[in-house]
Enquirer: 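Here's a structure for you.
Values in this document were obtained by computation on a predicted structure and should not be read as measured data.
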Amino acid sequence: MVQKGLNLLHSNMEFVDGWTLAQTLGEGAYGEVKLLINRSSGEAVAMKVIDLEKHPDARTSIRKEVCIHRMLTDPHIIRYYGQRREGSVEYIFLEYAAGGELFDRIEPDCGMASWEAQKYFKQLVSGVEYLHCCGIAHRDLKPENLLLDDHDNLKISDFGMATVFRMNGKERALEKRCGTLPYVAPEVLIRAYHAEPADVWSCGIILVAMLAGELPWDQPTVECREYMAWKDGKAVHLTPWSKLDNLALSLVRKILVPLPSGRPNIKQIRAHRWCNKYFDKLGSPNRNSCTPDGHRNKRICSGNDLSSISPPGIATDGSALDDSLARLCRSQPEPRLEQPAVSAANAAAEMLEEKGSFSFSQPAYLDDMLLNSQLHATQPSTQPSSQNTFQKLVRRMTRFFVCTSCEESLEQLCKLLEKLGYTWKIAANVITITAIDKRNMRLVFKANILDMDGKTLLDFRLSKGCGLEFKRHFVRIKQNLEDIVLKGPVTWPIAMATNNVP
């Protein structure tokens with residue numbers, strides 16, 4: 001079994017003239033995403049491959065997502081390049097985001113620096129504002145669906161649940177219950193809802209995740225104790241809220257208002273003082289940070305005590321929130337199959353395990369990004385240098401180098417997985433690991449062991465489940481392998497791989 005996992009390099013193959021199919025980036029319920037490289041220019045493109053003969057139910061989803069992608073041109077939206085069909089196989093070409101996934105920049109229970117969260121949040125709301133101006137609702141905004149380009153700019157991806165809510169100036173209420181439970185707005189689970197405030201709510205949850213490194217609740221329903229405490233204004237001294245300073249908490253409280261008509265629009269969010277505050281990258285007192293044991297440093301309150309903050313729906317600076325969102329048109333409800341009335345909790349559970357939620361834009365879950373530098377060389381026989389090879393790695397924090405060989409590393413990893421009680425298997429050169437997270441949801445992630453010019457790299461990526469939960473399990477595995485983990489920064493790409501980023 002161990003030997004089956006040692007053939008770790010994928011063979012390159014010609015796709016079309018001048019382009020090489022380098023390797024698989026990720027997979028989903030209906031197909032795979034491949035990396036396509038132009039041999040002369042080095043240009044990289046993400047190519048989704050869907051076999052409609054195997055997945056005939058994917059045809060409608062493909063048509064819908066392609067239609068939406070064609071409408072969109074914005075710096076913070078993954079670009080659509082085109083499509084191609086050969087027989088029953090559909091190919092969709094999309095921008096390749098070399099910077100990895102946003103959730104990978106969020107440290108569990110710590111989050112990220114305030115200046116960094118502010119940068120990504122402003123780019124997120126800019127992209128969402130553009131979508132809404134086009135009459136498009138994303139409906140599944142979360143860190144796993146937010147990618148970063150090679151300049152560290154945010155790109156919204158995964159439009160599999162997106163829909164048109166406004167056309168020719170007429171808006172419609174939406175009825176389909178979709179999204180990811182911890183990020184979904186409460187009204188989505190119980191009644192017809194308006195598109196814009198539902199996406200705004202998801203942006204607020206993402207902001208909390210970035211600043212606190214944890215999610216506030218499992219689902220925004222009456223059955224959830226944490227959500228009800230927030231709704232009743234009794235949660236300000238609990239995590240994750242206690243990790244936020246007053247200014248950030250003020251913005252979050254404006255956004256996460258249970259009544260959608262009370263939420264601010266994007267323009268109001270942009271005008272909030274937190275979005276316009278200067279955060280010192282080199283270490284201001286408002287920087288979100290963790291102590292060596294992984295706990296958040298005590299925040300510095302810059303205003304009134306937390307107990308004086310008003311309940312959700314009331315602006316803390318005295319300004320009135322825009323109520324125009326309550327007057328959206330309810331004409332032309334979205335066609336859907338008739339559904340019997342169910343409780344919010346049951347609807348939520350069904351939604352999480354829904355197989356049809358696979359997205360047809362570039363996935364958030366990227367495989368290892370080792371590219372053969374021969375693709376960029378004029379002489380095919382030229383051997384890749386160590387530095388060039390490292391530079392081809394996608395920026396991802398869930399990887400590390402070890403001092404053991406590939407064979408030894410694979411054996412040690414497999415023994416550790418058995419010791420820690422994980423379910424795992426080796427197939428197609430990848431170790432697939434299955435666990436149950438703290439929400440009792442299924443978590444699947446994959447490990448690849450790569451020979452990097454004589455150095456062994458253990459590269460982990462999320463396949464299914466919560467990104468923050470995945471990172472918790474990654475940290476657990478890495479800590480248990482600390483005897484073989486190579487420590488200390490070497491070059492920038494290696495530093496990124498080993499979490500030794502200054």
Side-chain angles (χ1 to χ4, degrees), residues 1-8 10 23-33 54-55 100-101 103-104 106 108-109 140 142-145 158 160 180-183 209 214-215 218-219 348-359 363-369 394 396-400 402 406 409-450 457-481 485:
M1 188 175 188
V2 170
Q3 290 300 319
K4 283 182 64 179
L6 295 180
N7 182 20
L8 300 170
H10 300 274
Q23 61 182 177
T24 301
L25 298 177
E27 76 289 329
Y30 294 142
E32 293 183 323
V33 178
K54 293 181 180 179
H55 307 285
E101 307 95 333
F103 85 81
D104 196 29
I106 304 173
D109 303 314
D140 195 24
K142 56 184 177 179
E144 292 86 341
N145 288 345
D158 289 325
T180 302
L181 281 177
Y183 299 90
E214 63 177 296
L215 296 172
D218 294 344
Q219 56 187 29
E350 293 172 2
M351 181 177 64
L352 259 184
E353 294 300 322
E354 182 178 336
K355 287 288 185 181
S357 62
F358 174 72
S359 171
Y365 316 134
L366 304 180
D367 204 339
D368 63 274
M369 290 304 305
V394 69
R396 181 164 57 234
M397 305 299 287
T398 51
R399 59 161 67 101
F400 52 87
V402 292
C406 287
S409 302
L410 182 61
E411 290 177 356
Q412 291 209 34
L413 178 57
C414 291
K415 289 179 181 178
L416 175 62
L417 294 175
E418 290 183 359
K419 176 183 176 181
L420 296 179
Y422 289 102
T423 300
W424 59 275
K425 62 181 180 180
I426 299 178
N429 304 326
V430 176
I431 304 175
T432 301
I433 306 161
T434 303
I436 301 298
D437 66 22
K438 69 177 184 179
R439 292 185 171 86
N440 292 319
M441 300 306 302
R442 187 165 174 258
L443 180 70
V444 181
F445 54 100
K446 300 189 177 184
N448 205 343
I449 304 175
L450 300 168
L457 178 73
L458 270 62
D459 188 76
F460 294 76
R461 66 175 177 85
L462 176 64
S463 181
K464 177 182 175 63
C466 173
L468 291 176
E469 288 297 309
F470 158 62
K471 291 200 71 176
R472 287 191 176 95
H473 285 267
F474 165 78
V475 170
R476 181 189 185 199
I477 292 172
K478 182 179 177 182
Q479 288 175 342
N480 277 273
L481 292 173
V485 173

Enquirer: May I have the step-by-step check of side chain to side chain contact (heavy atoms under 4.5 Å, CB included) for I431 and L410, ending in yes or no?
Expert: CA-CA 9 Å; I431 304 175; L410 182 61; 3.1 Å; yes
Enquirer: Restricting to side-chain contact (heavy atoms from CB on, under 4.5 Å), what partner residues turn up for L416, sequence neighbours left out?
Expert: L420, I477, N480, L481
Enquirer: Please report the interatomic distance OG1(T398) to CD(E101), rounded to the nearest 0.5 Å.
Expert: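 It comes to 7.0 Å.
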Enquirer: Determine yes or no for a side-chain-to-main-chain donor-acceptor pair under 3.5 angstrom, with N448 supplying the side chain and D459 the backbone.
Expert: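 Side chain of N448 to backbone of D459: no pair is present.
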Enquirer: For R472, give me all partners under side chain to side chain donor-acceptor pair (under 3.5 Å), at least two apart in sequence or on another chain.
Expert: D109, E469
Enquirer: Can you check whether L215 reaches K142 side chain to side chain, under 4.5 Å on heavy atoms?
Expert: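 A side-chain contact under 4.5 Å is absent here.
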Enquirer: Can you see which heavy atom on Y422 is nearest to which on W424, and at what distance?
Expert: O-CD1, 3.6 Å
Enquirer: In Å and rounded to the nearest 0.5 Å, what is the CD to NZ distance from Q412 to K415?
Expert: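 Result: 7.5 Å between the selected atoms.
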Enquirer: Which one of R461, K471, K464, H473 satisfies the side-chain contact (heavy atoms from CB on, under 4.5 Å) criterion with F445?
Expert: H473
Enquirer: Do D104 and L462 come within less than 4.5 Å of each other through their side chains, counting heavy atoms only?
Expert: no
Enquirer: Looking at CD1 of I433 and CD1 of I426, how far apart are the two atoms once the value is rounded to the nearest 0.5 Å?
Expert: 10.0 Å
Enquirer: What are the two closest heavy atoms between V402 and S409, and how far apart are they?
Expert: CG2-OG, 3.3 Å
Enquirer: Taking C-beta and beyond as the side chain, do Y183 and P143 meet within less than 4.5 Å on heavy atoms?
Expert: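 Y183 vs P143: side chains touch.
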Enquirer: Would you please classify the geometry between the F474 ring and the F460 ring as parallel, tilted or perpendicular, with 30° and 60° separating the classes?
Expert: perpendicular
Enquirer: Using a 3.5 Å distance criterion without hydrogens, assess whether the side chain of N145 forms a donor-acceptor pair with backbone atoms of D140.
Expert: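 Answer holds: yes.
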Enquirer: Would you say D218's side chain and L181's backbone share a donor-acceptor pair under 3.5 angstrom?
Expert: no
Enquirer: Going by the rule side-chain contact (heavy atoms from CB on, under 4.5 Å), which residues pair with T434 if we only count those two or more places apart in sequence or in a different chain?
Expert: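 Once residues adjacent in sequence are excluded, the partners of T434 under the side-chain contact (heavy atoms from CB on, under 4.5 Å) criterion are T423, R442, V444.
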Enquirer: If you compare all heavy atoms of C466 against all heavy atoms of L443, which two are closest, and at what distance to 0.1 Å?
Expert: O-CD1, 3.7 Å
